[in-house]
Structure formats: structure tokens, C-alpha cells
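What follows is one structure encoded as C-alpha cells, with my remarks underneath.
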Amino acid sequence: MSRDVPQIPYSEVTPKHLYLSRREFIAGAGAAAVASGILGEAYAAALQAKPSQYRVDEKLTPKDAVTTYNNFYEFGTEKGAPGLASRDFKPLPWTVKIDGLVDKPREFDMSELIEKMPLEERIYRMRCVEAWSMVIPWIGFPLSALLQQVEPLGSAKYVAFTSVLRPEEMPGQRGIFQVLDWPYVEGLRLDEAMHPLTILSVGLYGETLPNANGAPIRLVVPWKYGFKGIKSITRISFMEEQPPTSWNLMAPDEYGFYANVNPEVDHPRWSQATERRIGEDSFFGSGRRDTLMFNGYGEQVASLYSGMNLHRFY
Ligand SMILES: Nc1nc2c(c(=O)[nH]1)N[C@H]1C(S)=C(S)[C@@H](COP(=O)(O)O)O[C@H]1N2
Ligand SMILES: [Mo]
């Protein structure tokens, strides 16, 4: 393992949590403090995540790579753009609205999510549709824990997600040549959304989520291509019909709704059989590895798709 990869979670080595528990943080912070600069530090201290059982046993991608090699088109299309152009983005205060086919539609403040949701550190293998991959220590909680709070109706079959629309803080939303329409939207079938592997992430490497990675809250679905992992979420809606998704709208032949990682179903313009692990030396080809069916999570998720033609529903 490289020098900068922590052997134990940040939450266990930082002294901050010794003087500030999550509950105390929330009680002390209050809604007013959410807008103040003080929150940044208190909020970081509140991220007490226990290591979970969900940990792939692979070398972590160095934090530098995780936070500077990104796709976040709201900040530009180059991999380095989000890290640079997101510096003035203000992830707090923040709320997530949950509505649609639910009994109790509600808006949640970030501080409430940090307090109430069962935060864990999970080490997930991540695979981008562009054939690169990373191993990331996320802090997050099961999406199902949040969705249960609003009591979905029986008619709900899908969950739709919407990213923030803030052209004044997101240069990629202001440009003349736009690859995607804004806001970025994504969706999951309800059973995918409720699956225990599906999380909302609020941090990585023991710290709050960097802006480039989707602060303050983003989706992580480790058996799907990275574009399903919508960033900076402001709204989650329960729907009866399959919701539109940004990359599918842009190029339906190239990016499907399901987007399950599948080495046997190639992208029309490149193979999906192998991938380049970011941060590993690839000069002699050692960084290239085989892509795994469902990104290696088949045992947990294959049953969701039994009987489905995965070439047709790509
Ligand atoms: N709002 C929004 N979410 C997004 C994207 C984006 O452009 N905008 N890019 C997606 C793609 S293609 C990938 S691979 C992942 C990258 O996440 P990371 O930069 O944290 O590794 O974010 C996804 N979520
Ligand atoms: Mo991606």
C-alpha cells in the first residue's frame, strides 16, 4: 500500500470526535449555524463513520487521484476541471427534497442527515463507462434508510434524482457548447434503490465530500457505471414510470438506463472487457485488468436482473 493510504479509518485516528459527538454537533449547530463558516469543521468532526462489512480487499486509489481525476460536467469536461473549477462552489447550506409517490414528502437538511442516518465507511470498487476504475473509501449510508422515512406508495416503481442547478457557481452550466442538458438527472428502479449496496455518500477518505466528488451528497451504486452516481443531489422523486437520465438522453445508443458494469456488452465505440486502474503504473501494462461482471458485485445483485436480456437492457 502506498504511504498516503490510511490503514485505519480517519474517524478512528482523528481526535476531533473525542470532543464532539454527532448528536452534540447537531444540538449545538442549529439551523442558523448551517449558513456560517463554522460548520465546515464541526461538520467534518461529525462524520463519525464505522467501518462496515462492505470493503473490497484491493489497494485504495490514492486520495489525490480520487479528488483530481473526475467527471463532473457542471464544472467542465476535462478530468482536471472539477477539482479546479469547483473551488467557489458552496455545498452548505443544503437540503434534499423527497417527493413524488410518497405518503410523507419532506425536505431534509444536511445536518439532519448527518445526525440521523447510519454513517459507515465502505470501500467500493468503482468503474467508469470510459474504462477506468478506482477503489474508494466512501463515507455514506444506505439510500434505503432515507427512502423509508417518507413512506413510498405502492405505485412507486422508480426513483429519480436531480443534481443542483447553479450556473452562477458551475461554469460548465454557463458555456455555449453543452454536452448535457441541466440539471443532471439520473434514476434507479426501486429495487435497485433499496438494495443494501446502494448508498448516498457524504464523504471520502474520512473527510467531507470534496466539491469535485459531488458535495455535499451524491449517489454511489458500485455495480453500475460511474455516470449513475449522480452528484450534488437536491431532489429525489418516487415515480411510476422510468425516469429520464442525462447520458441516455444525450446518446441513447451508447448509455442505457441500467448501465450495469458488464464486460460482455461493449460500448459501441470501445470494449468494456478491461479497465485501467487509476493511480497504478500502467507503463508496462500492469495497470490494465479484466472488468468483472457487475463490477464484482454479482453475488449480491445478479438476482435483480434474472430473466433480463442484459444486451438489450444495457
Ligand atoms: N451531476 C453530475 N453527476 C455526475 C457526473 C456529472 O457530470 N454530473 N458524472 C458522472 C460520471 S460519468 C462519473 S464516472 C462519476 C465520477 O465520480 P468521481 O469524480 O467522484 O469519481 O460521477 C458521475 N456523476
Ligand atoms: Mo463515468
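Numbering of ligands and ligand atoms starts at 1, following listing order.
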**Asked** Looking only at heavy atoms, is any part of E74 under 4.0 Å from ligand 1, and if so is it the side chain, the backbone, or both, or is it neither?
**Response** side chain

**Minimum-distance pair of heavy atoms, taken over all atoms of P167 and Q173** = N-OE1, 3.2 Å

**Asked** What are the two closest non-hydrogen atoms of A145 and P118, and how far apart are they?
**Response** CB-CD, 4.0 Å

**Fill in**
For F72, the atoms of ligand 1 under 4.0 Å from one of its heavy atoms are 1 (N), 2 (C), 6 (C), 7 (O), 8 (N)

**Item:** ligand 1 contact on Y184 by region, counting heavy-atom pairs under 4.0 Å
**Value:** side chain

**Fill in**
the protein heavy atom lying closest to atom 15 (C) of ligand 1 turns out to be G226 O, 3.5 Å

**Message:** Ring centres under 6.0 Å, that's the criterion: do Y305 and F313 meet it?
**Reply:** no

**Asked** Strictly by modelled atom types, are Y124 and W223 linked by a side-chain donor-acceptor pair under 3.5 Å?
**Response** no

**Request:** Give a yes or no on whether the ring-centroid distance for W247 and Y225 is below 6.0 angstrom.
**Result:** no

**Item:** Numbered atoms of ligand 1 (with element) below 4.0 Å of I230, judged on heavy atoms
**Value:** 3 (N), 24 (N)

**Prompt:** Of all the atoms in ligand 1, which lie at a distance below 4.0 Å from a heavy atom belonging to N213?
**Reply:** 18 (P), 20 (O)

**Request:** Please say whether the positively charged group of K231, taken as NZ for Lys or CZ for Arg, lies over the ring of F161, i.e. under 6.0 angstrom from the six-membered ring centre and within 45 degrees of the axis.
**Result:** no

**Message:** Can you tell me which portion of R218 lies within the under-4.0 Å heavy-atom range of ligand 1? Options are side chain, backbone, both, or neither.
**Reply:** side chain

**Message:** Check for me whether G229 has a heavy atom closer than 4.0 Å to any atom of ligand 1.
**Reply:** yes

**Request:** For atom 22 (O) of ligand 1, find the nearest protein heavy atom and state the residue, atom name and distance (0.1 Å precision).
**Result:** K231 CE, 3.3 Å

**Request:** Decide salt bridge (charged side-chain N to carboxylate O under 4.0 Å, His left out) for R269 and E254; before the verdict, give the C-alpha distance in whole Å, the side-chain angles of both, and the deciding distance to 0.1 Å.
**Result:** CA-CA 8 Å; R269 292 185 280 125; E254 302 185 30; 2.6 Å; yes

**Message:** So that I can tick it off, tell me whether K228 and E192 are bridged by a salt bridge, with the cut-off set at under 4.0 angstrom between side-chain N and carboxylate O.
**Reply:** no

**Message:** Is there a polar contact between ligand 1 and Y73, counting only N or O atoms under 3.5 Å apart?
**Reply:** yes

**Item:** Check against side chain to side chain donor-acceptor pair (under 3.5 Å), N71 and K79
**Value:** CA-CA 6 Å; N71 273 336; K79 300 289 178 261; 2.9 Å; yes

**Asked** Can you find an N or O of W138 that's nearer than 3.5 Å to an N or O of ligand 1?
**Response** no

**Message:** Under 4.0 Å from a heavy atom of S163: which atoms of ligand 1 are those, numbered in the order shown and with their elements?
**Reply:** 1 (N)

**Request:** Report the nearest protein non-hydrogen atom to atom 9 (N) of ligand 1: residue, atom name, distance rounded to 0.1 Å.
**Result:** N71 O, 3.2 Å

**Request:** For C128, counting its heavy atoms only, list the atoms of ligand 1 lying under 4.0 Å from any of them.
**Result:** 14 (S)

